[in-house]
Amino acid sequence: MTTYQKILLCVDFSEDAHQVAMRARDLADRYNAELRLIHVVEHVPVDAASEFMAPPQVEMYDELLASAEQQLHRMAERLGVSRDHCCVATGYTKQEIISHADDVGSDLIVVGSHGRHGLALLLGSTANALLHGAACDVLAVRV
Ligand code: AMP
């Protein structure tokens, strides 16, 4: 029987994030597994001409990251997860989740079936991409 030891919960702060989180918490408890959280900040504001961020954009971006970190820490607190097990990454959501899951040796990724994108799809775009790209099991919680 498969027993999961390292579960990675993908948090997008959408309305359904709590429901997805509770499923991940429940699974971690059942398997006595470590639970980690990840949120990816997708849109990196880059100055197209110089490829460097202009100062006002840098400030906005820093605020975005700080706010994401705060929200993720609040969610971690509610789930009884330590801040050390929270990751705010920047880049492409699918890539960052897969690469973090590999780095920390996750054996299960928990994701919502739908979030902010892809409501018209059978599965949201992130869930779909992870199912095709992740090396470990992926649970898409129906929301
Ligand atoms: P979506 O691709 O928007 O339909 O989202 C489906 C699920 O992917 C959400 O319920 C989250 O679990 C996860 N997800 C989407 N965007 C992010 C993100 N930026 N960071 C972490 N997880 C995400």
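Computed over heavy atoms, backbone and side chain alike; hydrogens, waters and symmetry mates excluded.
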Below 4.5 Å, heavy atoms only, C-beta onward: do [X] and [Y] meet side chain to side chain?
X: I7; Y: S106; answer: no
X: H114; Y: R142; answer: yes
X: L72; Y: V11; answer: yes
X: L9; Y: V20; answer: yes
X: I97; Y: T126; answer: yes

Of all residues at least two apart in sequence or in a different chain, which pass the side chain to side chain donor-acceptor pair (under 3.5 Å) check with D62? none
Shared hydrophobic cluster, V104 / L108 (ILVMFWY, side-chain heavy atoms < 4.5 Å): no
If hydrophobic clusters are built from ILVMFWY residues whose side chains come within less than 4.5 Å, do V40 and Y92 share one? no
Which residue pairs pass the salt bridge (charged side-chain N to carboxylate O under 4.0 Å, His left out) test when at least one of the two sits in residues 94-105, sequence neighbours left out? none
So which heavy atom on A127 is nearest to which on G112, and how close? CB-O, 3.7 Å
Which heavy-atom pair separates Y4 from Y31 by the least distance, and what is that distance? O-CB, 3.3 Å
Which residues pass the side chain to side chain contact (heavy atoms under 4.5 Å, CB included) test with Q71, sequence neighbours left out? F13, S67, R74
Does E34 have any salt bridge (charged side-chain N to carboxylate O under 4.0 Å, His left out) partners at least two apart in sequence or in another chain, and if so, which? R36
Could you grab the distance from atom CD of E42 to atom OG1 of T93, nearest 0.5 Å is fine? 3.0 Å
d(C10 SG, L130 CG) to nearest 0.5 Å is 5.5 Å
Using a 3.5 Å cut-off and no angle test, enumerate the donor-acceptor pairs between side-chain atoms of residues 78-88 and protein atoms at least two apart in sequence or in another chain.
residue, atom, partner, partner atom, Å
S82, OG, D84, N, 3.0

Give the C-alpha distance, both sets of side-chain angles, the deciding distance and a yes or no for side-chain contact (heavy atoms from CB on, under 4.5 Å) between L8 and V110. CA-CA 6 Å; L8 180 63; V110 178; over 6 Å; no
Does the T90 side chain pair with the main chain of V41, one donor and one acceptor, at a distance under 3.5 Å? no
How would you list all residue pairs meeting side chain to side chain donor-acceptor pair (under 3.5 Å) that involve residues 16-30, not counting sequence neighbours? R25-D29, D26-R30
side-chain contact (heavy atoms from CB on, under 4.5 Å) for D137 and I109? Distances and angles first, verdict last. CA-CA 6 Å; D137 288 1; I109 297 174; over 6 Å; no
